[in-house]
Amino acid sequence: MRYDLNLLPIFVALMEERSVTRAAERMGMTQPALSNALSRLRLMLQDQLFVRERYGIQPTPIALELSPLIAEALAQLDDAVLGQQAFDPAQAERLFTIAPNGYVEFVLVPAIVARLEKVAPGIKLRLTPFGNDLVETGVVSGTTALVLGRIVDPPDNLVVQHLMDEGLACAVRADHPGVGDAMTREQFETMKHVNIVPPGRMRAGLFQALAQQQLKRDVAISVTNFFAVAEMVAVTDYCATLPSLICRRLMHDPRLKILPAPVDLGSFPVEMAWHVRYRHDPAHRWLRALIGAVIADLTGKTAAATTPSPA
């Protein structure tokens, strides 16, 4: 039997999107054209493949069985083709969509953009929000090149690289009347605090660290991004508990002073993830290596090696 290989990417899109409409948009097809392709897929693979339900489509047992085999075959084909393509960052003109969480956008993205300006001026970035749902970022479907932040429970079609572990410190205003060059546990617990709402995973990590140390925190205000914290702390007697690299940036603000937390609050991971089809794409590999080099410069450590997400 002869197989129409053009239908296999459509199968993958339907599996990942679970919607004929979204799969059609992703493939750049009209919905009738994709429905026609699905009919040919069903004939070729001798199965219904997808069943309509109230909120989209669900794969049949045969589709679930075939999905990893087809995805891996296409990934290997991509590897073979893309691995032969040359990539010259100095001459390339390309747009990458990345999804950094709030921490990464504040700390790492400016340094990444500065590096791109020097070595690859034709490379442009578009940022899309990274919340708790990896599907919404576009990385699961491959429309987004990278997500950067804390990756929890990644699907099997993502590769995850651990970039670094980040610690926590405290920021107060420089002339705070009750805090000198160090902060005690009692001072921390009696002060009012500024809380950062997103990114959700880091917020959960901080709350867990506080709970493990039985350290109380009286939150006076919750803000939605790191940019608001310095302004909030500078005009109040409040305290903010922040990632160490953010505190390093804030040390240059004369209105603020940075202090160690009164107890060891541990660390949280910063990770990067991408779709398996980009494992050997030269442009994507170059971008990931550049991000690793930027982090190595910021932390003074060697960039971590790439490791696949667990099955």
Side-chain angles (χ1 to χ4, degrees), residues 89-90 92-134 136-139 142-152 154 158-169 171 196-203 205-206 223-231 240 242-253 267-275 278 281 283-304 306:
E93 294 188 3
R94 188 158 178 176
L95 172 67
F96 288 98
T97 298
I98 65 173
N101 67 12
Y103 163 82
V104 172
E105 185 172 357
F106 187 93
V107 171
L108 300 181
V109 170
I112 293 168
V113 172
R115 183 72 61 92
L116 287 173
E117 183 183 29
K118 291 181 179 179
V119 301
I123 301 295
K124 298 178 175 62
L125 297 181
R126 184 179 76 87
L127 272 57
T128 189
F130 172 28
N132 289 336
D133 190 342
L134 288 174
E136 292 180 359
T137 67
V139 71
T143 56
T144 293
L146 294 168
V147 292
L148 298 114
R150 189 168 185 180
I151 316 297
V152 179
L158 293 189
V159 179
V160 178
Q161 177 179 347
H162 179 270
L163 295 173
M164 65 179 186
D165 290 308
E166 173 65 303
L168 296 162
I196 314 296
V197 176
R201 298 295 187 183
M202 199 208 81
R203 175 178 176 270
L206 176 56
V223 298
T224 59
N225 61 74
F226 290 108
F227 298 95
V229 175
E231 302 307 315
L242 301 167
S244 297
L245 286 180
I246 290 182
C247 288
R248 186 192 298 180
R249 291 268 300 274
L250 296 181
M251 286 175 67
H252 301 293
D253 189 330
S267 62
F268 63 92
V270 180
E271 298 156 318
M272 174 168 63
W274 61 91
H275 197 286
Y278 298 133
D281 180 299
H284 284 253
R285 291 179 67 181
W286 176 85
L287 179 62
R288 297 194 298 264
L290 179 138
I291 292 172
V294 167
I295 290 175
D297 287 347
L298 287 174
T299 61
K301 298 178 181 179
T302 303
T306 300

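These numbers were taken from a predicted model, which means no experiment stands behind them. Throughout, residue positions are numbered sequentially from 1 according to the sequence presented.
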Requested in this report: Name all residues meeting the side-chain hydrogen bond (donor to acceptor under 3.5 Å, both in side chains) criterion together with S267; count only those two or more places apart in sequence or in a different chain, and write none if there are none.
Outcome: none
**Report entry** A230 versus L250, closest heavy-atom pair with distance
**Finding:** CB-CD2, 3.9 Å
**Report entry** Distance-minimising heavy-atom pair for P243 and L168
**Finding:** N-CD2, 3.8 Å
Requested in this report: State the CG-CD1 distance between L116 and I123, to the nearest 0.5 angstrom.
Outcome: 7.0 Å
Report task. Go through the structure and list residues passing side chain to side chain contact (heavy atoms under 4.5 Å, CB included) with A145, not counting sequence neighbours. Result -> F96, H284
Report summary line: For T137 and P129 the tightest heavy-atom approach is CG2-O, 3.7 Å
Requested in this report: Scan residues 93-122 for pairs that pass salt bridge (charged side-chain N to carboxylate O under 4.0 Å, His left out), counting only residues two or more places apart or in two chains.
Outcome: R94-D281, R115-D297
Query raised in the report: Does R150 make a cation-pi contact with F268, if we ask for NZ or CZ under 6.0 Å from the ring centre and within 45° of the axis?
Result: no
Query - E271: side-chain hydrogen bond (donor to acceptor under 3.5 Å, both in side chains) partners, not counting sequence neighbours - result: none
**Report entry** Sub-4.5 Å side-chain heavy-atom contact between L298 and M164
**Finding:** no
Query raised in the report: So how far is it from L95 CG to K124 NZ, rounded to the nearest 0.5 Å?
Result: 8.0 Å
**Report entry** Stepwise side chain to side chain contact (heavy atoms under 4.5 Å, CB included) test for Q161 and L163
**Finding:** CA-CA 6 Å; Q161 177 179 347; L163 295 173; 3.8 Å; yes
Report summary line: Sorted by chain and residue number, the salt bridge (Lys or Arg N to Asp or Glu O under 4.0 Å) partners of D253 (sequence neighbours excluded) come out as R255
**Report entry** Taking every non-hydrogen atom, the tightest pair across V152 and L134
**Finding:** O-CD1, 4.3 Å
Query raised in the report: Can you tell me if E166 uses its side chain to pair, donor with acceptor, with the backbone of V270 under 3.5 Å?
Result: no
Report summary line: Smallest heavy-atom separation, V139 atom then W274 atom, equals CG2-CA, 3.9 Å
Report task. Answer yes or no: is there a donor N or O on one side and an acceptor on the other, between the side chain of R288 and the main chain of M272, under 3.5 Å? Result -> no
Query raised in the report: Counting N and O atoms only, with roles assigned by atom type, does the side chain of Y278 sit under 3.5 Å from a partner on the main chain of A283, one being a donor and the other an acceptor?
Result: no
Report task. Answer whether the closest heavy-atom distance between the side chains of F226 and I196 falls below 4.5 Å. Result -> yes
Query - Partners meeting side chain to side chain contact (heavy atoms under 4.5 Å, CB included) with A273 (sequence neighbours left out) - result: V147, I151, L158, V160
**Report entry** Any residue meeting side chain to side chain contact (heavy atoms under 4.5 Å, CB included) with P89, in chain and number order, not counting sequence neighbours
**Finding:** F87, A120, W286
Query raised in the report: When you look at I246 and Y103, which way does the side chain to side chain contact (heavy atoms under 4.5 Å, CB included) test go after all the steps?
Result: CA-CA 8 Å; I246 290 182; Y103 163 82; 3.8 Å; yes
Requested in this report: Show the numbers, then the answer: is there a side chain to side chain contact (heavy atoms under 4.5 Å, CB included) between V119 and L290?
Outcome: CA-CA 10 Å; V119 301; L290 179 138; 3.9 Å; yes
Query raised in the report: Tell me, do L108 and I295 make a side-chain contact under 4.5 Å, heavy atoms counted?
Result: yes
Requested in this report: Write down the atom of A90, the atom of P121, and the distance for their closest heavy-atom approach.
Outcome: O-CD, 4.3 Å
**Report entry** Test side-chain hydrogen bond (donor to acceptor under 3.5 Å, both in side chains) applied to T128 - qualifying residues, sequence neighbours left out
**Finding:** none
**Report entry** Partner set under side-chain hydrogen bond (donor to acceptor under 3.5 Å, both in side chains) for R248, not counting sequence neighbours
**Finding:** none
Requested in this report: Start with the C-alpha distance between I291 and L146, add both sets of side-chain angles, then the distance that settles side chain to side chain contact (heavy atoms under 4.5 Å, CB included), and finish with yes or no.
Outcome: CA-CA 11 Å; I291 292 172; L146 294 168; 3.5 Å; yes
